[in-house]
Amino acid sequence: MKVSICSQAFNPWQALQDYQQDLKPDVQFGATSIFIGTMRDYNDGARVSSMTLEYYPGMTEKQLEKIIAQAGQQWQILDAYISHRVGKIQPDETIVLVAVWAAHRGDAFDACRFIMEALKSTAPFWKNEKLASGETRWVASNSGGYQKG
Amino acid sequence: MKVSICSQAFNPWQALQDYQQDLKPDVQFGATSIFIGTMRDYNDGARVSSMTLEYYPGMTEKQLEKIIAQAGQQWQILDAYISHRVGKIQPDETIVLVAVWAAHRGDAFDACRFIMEALKSTAPFWKNEKLASGETRWVASNSGGYQKG
Amino acid sequence: MSIKVRYFASLGERMGRSESNLELAQAMTVADVWYHDTSQIMPNNVLAAVNMEYAGLADEVNDGDEVAFFPPVTGG
Amino acid sequence: MSIKVRYFASLGERMGRSESNLELAQAMTVADVWYHDTSQIMPNNVLAAVNMEYAGLADEVNDGDEVAFFPPVTGG
């Protein structure tokens, strides 16, 4: 299990490969479910040129660990890994990576989605967007992932 | 959109990185949902030393393309990629990779799961396990991914 | 008319062949193709495809069709 | 007793500070900490944490606690 707060851009594929390499001898997983969130260059009707992510050092990590523990109580999972960017982020960069390893696909899918939704609604991160116009604005709230749009 | 039938072992992270590289200029995705199925060295109470995957050349590709098209009718997705092994497979090798790119996470998660479940229940692949005892056996059926166990 | 019949996985093993060519004098369904080619009762979990699309046992087949029979799929 | 108060994101901007130290003479709730430190009405979407765990506005605070206030989270 690992929770990582990154202040530099990271390659999600490399991060996954490295992480999985380390758990391979121990863990007999048959199913891996992964979610990757990537910064887009528009949001809410405006072009966004960059974004700054604030967080609460200490609480954020604690909250992410708690979310993984909750997932582990509800589903049979073998391991989980969360990596989240903070600081200044450019379009096309990875914002968040969640990966869950399990014996069976139902557990991997459900736990990965639970972690992502819980992260979106409870992990202390705040996005400040810098628009192409030069203005900055705080993102007001996250949409629910089970609804469309 | 790509459907790939691989007769050689492949690195899923490299495959994803390469595939995503090619779609990057065109597609403004914010969410990527990925599933990876990996061969384990036991199944149904027995140690499995290798596996041979048979398929129906022509129909298998057609069926996978149809599944992606069905996902595209139900959810707003930007791209999808399926890669599936055939032939002789060793434990720890990737059997299947499904990736879906979308603007929003709900669509990415739902479509990825739909594709995986549809693949498991309708794509013409058949697993023949070689047990540690030397016997071989056909896997009788796939479990539903929405139930436990 | 001429039909290509294919058997996959455990069904191919059971039939002792993976394909055969069937010559038929009259219109037939998928189920008829099975009985003409195998002379066996069909196991109840057999799936069928005509020209690489899933088909029902009552579907008609046409000259030149490829009809495939296979057990439940187990990929992924 | 001594309480460390922290404000994040838009709330820090609005307060013009990201933290302060509050000295209190008596037992207090999270809501009391807010009013003593800000002298403002609390916006209705403010979230609170005590010692880095989510807390309710009626929760009591103790000497040495860190109390944080922040807007709805927008990570991921």
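The chains referred to below are lettered A, B, ... by the order of the sequence lines, with proteins before strands, and numbering in each begins at 1. In what follows, every heavy atom counts, from backbone to side chain, and hydrogens, waters and symmetry copies are set aside.
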[X] [atom1] to [Y] [atom2] distance, which is reported to the nearest 0.5 Å:
{"X": "Glu53(C)", "Y": "Lys66(B)", "atom1": "CD", "atom2": "NZ", "value": "3.5 Å"}
{"X": "Tyr54(C)", "Y": "Lys62(B)", "atom1": "OH", "atom2": "NZ", "value": "13.0 Å"}
{"X": "Glu54(B)", "Y": "Thr74(C)", "atom1": "CD", "atom2": "OG1", "value": "9.5 Å"}

Review point. Of the listed residues (Asn142(B), Val96(B), Val86(B)), which shares the most heavy-atom pairs with chain C below a 4.5 Å separation?
Key: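 Answer, by heavy-atom pair count under 4.5 Å with chain C: Asn142(B).
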**Study point:** Top of Val139(B), Ile82(B), Ile95(B) for chain C proximity - count of heavy-atom pairs under 4.5 angstrom
**Key:**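 The option with the most such pairs is Val139(B).
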Point to revise | Over 12 non-hydrogen atoms of neighbours within 6.0 angstrom of CD in Glu135(B) | key: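 Atom CD in Glu135(B) is not packed in, count stays at 12 or less.
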Practice item. Count the heavy atoms belonging to other residues, nucleotides or ligands that lie under 6.0 Å from CD of Gln40(C), then report whether that count exceeds 12. Key: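 Above 12, so yes.
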Point to revise | Over all atoms of both residues, closest heavy-atom pair of Ala140(B) and Pro72(C) | key: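 What the structure gives for the nearest pair is O-CB, 3.9 Å.
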Check your understanding: Between Ala49(C) and Met59(B), which heavy-atom pair has the shortest distance, and what is it?
Key ->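 Distance-wise, the nearest heavy atoms are CB-SD, 3.5 Å.
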Point to revise | Side chain / backbone / both / neither for Ser121(B) at chain C, heavy atoms under 4.5 Å | key: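 Just the backbone, heavy atoms under 4.5 Å.
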Practice item. Counting only heavy atoms closer than 4.5 Å, note whether Phe35(B) contacts chain C via side chain, backbone, both or neither. Key: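 Neither the backbone nor the side chain of Phe35(B) comes within 4.5 Å of chain C.
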Check your understanding: Do side-chain atoms of His84(B) reach the backbone of Gly75(C) as a donor and acceptor pair under 3.5 angstrom?
Key ->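 Answer holds: no.
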Check your understanding: Considering only heavy atoms, which portion of Asn45(C) lies under 4.5 Å from any heavy atom of chain B: side chain, backbone, both, or neither?
Key ->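 For Asn45(C), there is no contact with chain B at all, as no heavy atom is under 4.5 Å.
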**Study point:** Validation row: Val73(C), Phe125(B) side chains within 4.5 angstrom (heavy atoms)
**Key:**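 Contact flag for Val73(C)/Phe125(B) side chains = no.
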Practice item. Measure the shortest side-chain to side-chain distance between Pro71(C) and Trp138(B) over non-hydrogen atoms and say whether it is less than 4.5 angstrom. Key: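 Sidechains of Trp138(B) and Pro71(C): no contact.
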Review point. Can you say whether the rings of Trp126(B) and Phe8(C) are parallel (under 30°), tilted (30 to 60°) or perpendicular (over 60°)?
Key: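 Answer is parallel, since the angle falls under 30°.
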